[in-house]
Amino acid sequence: STGGFDSESNQARAQSRRTQNISLLKCDHADYQKLTFQKYIKEMETEKCSLKEKIDGCDKQLEMLSDRLATVANVGEVKKYKAHNEDIEKITALLYCLASRLAKCENYLENETSYTEKYELKKLQENLKSQLSEVKTL
C-alpha cells in the first residue's frame, strides 16, 4: 500500500517539475524576445547615430561647396544652386515620409483580420506605392 503512495507522490513531484519547466520555458522565451527586441533597438539607435554623422558630414560638404561656388559664380547661379539643394531636400523628405507611411500600412495589413479594414489598407497601400513611384521620377 505504501508503494502506491510513493508512486503517487513521485508522479505529483514529476508533474510539478514539468509544470515548473514549462513555466521556465515560457519565461525564457519572453525574456529572449525582450532581449532580442532590446538588441534590435540598440542596433537601430547605433545606425541612427551613424546616419546622423553622415548627414552632418554631407551638410558640411554642401556648405563648403556653396561657399566656394559663391566665390566663382554669379549671384544667379548661386541662387539656382541653393534652390536646387532645397528642392532635393524636400523631395528626400517626401520620399522618406511616403516610404514610412507605406511600411506602417504594410505592417498593419499583415496584422489585420477584418476584410473591410484589409480592403481599405490595400487601397491605401496602392495609393502610397503610386505616389512613391511618382516622387522617384522627380
Side-chain angles (χ1 to χ4, degrees):
S1 154
T2 55
F5 179 73
D6 286 339
S7 176
E8 288 176 16
S9 177
N10 287 339
Q11 287 176 350
R13 278 185 286 210
Q15 179 62 36
S16 176
R17 278 189 300 245
R18 282 192 294 272
T19 303
Q20 287 175 342
N21 288 341
I22 289 171
S23 295
L24 285 173
L25 285 174
K26 286 180 181 177
C27 289
D28 288 345
H29 181 69
D31 290 342
Y32 177 75
Q33 284 181 324
K34 184 178 179 182
L35 289 173
T36 303
F37 188 66
Q38 288 172 342
K39 181 180 176 188
Y40 175 76
I41 289 173
K42 188 173 183 175
E43 288 172 0
M44 290 297 103
E45 287 173 351
T46 301
E47 186 175 343
K48 181 181 175 183
C49 289
S50 174
L51 288 172
K52 182 159 178 25
E53 288 174 7
K54 287 179 183 179
I55 289 170
D56 290 344
C58 288
D59 286 344
K60 287 178 184 174
Q61 286 181 338
L62 282 173
E63 197 173 307
M64 288 177 5
L65 184 59
S66 183
D67 291 344
R68 185 165 176 221
L69 184 63
T71 62
V72 295
N74 64 41
V75 175
E77 291 170 330
V78 172
K79 283 183 180 179
K80 194 179 212 181
Y81 169 79
K82 287 183 180 182
H84 177 73
N85 281 344
E86 289 171 3
D87 289 346
I88 296 295
E89 286 177 4
K90 290 175 186 173
I91 292 169
T92 302
L94 182 57
L95 280 168
Y96 175 77
C97 178
L98 288 171
S100 295
R101 289 180 58 204
L102 180 59
K104 286 179 186 176
C105 176
E106 289 174 346
N107 187 33
Y108 290 143
L109 193 58
E110 276 183 22
N111 299 318
E112 188 55 55
T113 56
S114 162
Y115 176 78
T116 307
E117 283 295 318
K118 277 191 173 197
Y119 178 75
E120 291 298 319
L121 287 169
K122 280 277 192 193
K123 282 178 25 182
L124 178 61
Q125 179 187 34
E126 290 305 314
N127 187 29
L128 289 169
K129 283 181 178 181
S130 173
Q131 290 176 348
L132 195 57
S133 179
E134 285 180 38
V135 173
K136 285 180 181 180
T137 63
L138 299 175

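Since we're looking at a predicted model, the values are computed, not measured.
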Exercise. State, yes or no, whether a side-chain contact exists between Cys105 and Arg101 at a heavy-atom distance under 4.5 Å.
Key: no
Quiz item: From Gln125 CD over to Leu132 CG, what is the distance, rounded to the nearest 0.5 angstrom?
Solution: 11.5 Å
Quiz prompt | Backbone N/O of Ile88 and side chain of Thr92: donor-acceptor pair under 3.5 Å | solution = yes
Quiz item: With the threshold set at 4.0 Å, does a side-chain nitrogen-carboxylate oxygen contact exist between Lys52 and Asp56?
Solution: yes
Self-check item: Interatomic spacing from CG in Leu121 to OG1 in Thr116 - rounded to 0.5 Å
Solution: 11.0 Å
Quiz item: Taking all atoms of both residues into account, what is the closest heavy-atom pair of Val78 and Ala73, and its distance?
Solution: CG2-CB, 4.1 Å
Self-check item: Separation of Asn85 CG from Leu65 CG (nearest 0.5 Å)
Solution: 8.0 Å
Self-check item: Transitive ILVMFWY side-chain link Leu128 to Val135, under 4.5 Å
Solution: yes
Practice problem: Verify the neighbour count for atom OH of Tyr81: are there more than 12 heavy atoms of other residues, nucleotides or ligands below 6.0 Å? | Solution: yes
Quiz item: Does any non-hydrogen side-chain atom of Asn74 lie less than 4.5 Å from one of Glu77?
Solution: yes
Quiz item: Nearest 0.5 Å, what's the CG-OG1 distance between Leu69 and Thr71?
Solution: 7.5 Å
Self-check item: For Glu120, side chain to side chain donor-acceptor pair (under 3.5 Å) partners two or more places apart
Solution: none
Quiz item: Once you round to the nearest 0.5 Å, how far does CD of Glu89 lie from NE2 of His84?
Solution: 10.5 Å
Quiz item: So, does Ser130 use its side chain to make a donor-acceptor pair with the main chain of Glu126 at under 3.5 Å?
Solution: no
Quiz item: Glu106 versus Lys129: any side-chain heavy-atom pair under 4.5 Å?
Solution: yes
Exercise. Using atom types as modelled and distance alone, determine if a side-chain donor or acceptor of Ser100 lies under 3.5 Å from a backbone N or O of Tyr96.
Key: yes
Exercise. Grab the two heavy atoms, one from Lys118 and one from Leu109, that are nearest each other, plus how far apart they are.
Key: O-CD1, 3.7 Å
Quiz item: So how far is it from Leu102 CG to Leu95 CG, rounded to the nearest 0.5 Å?
Solution: 12.0 Å
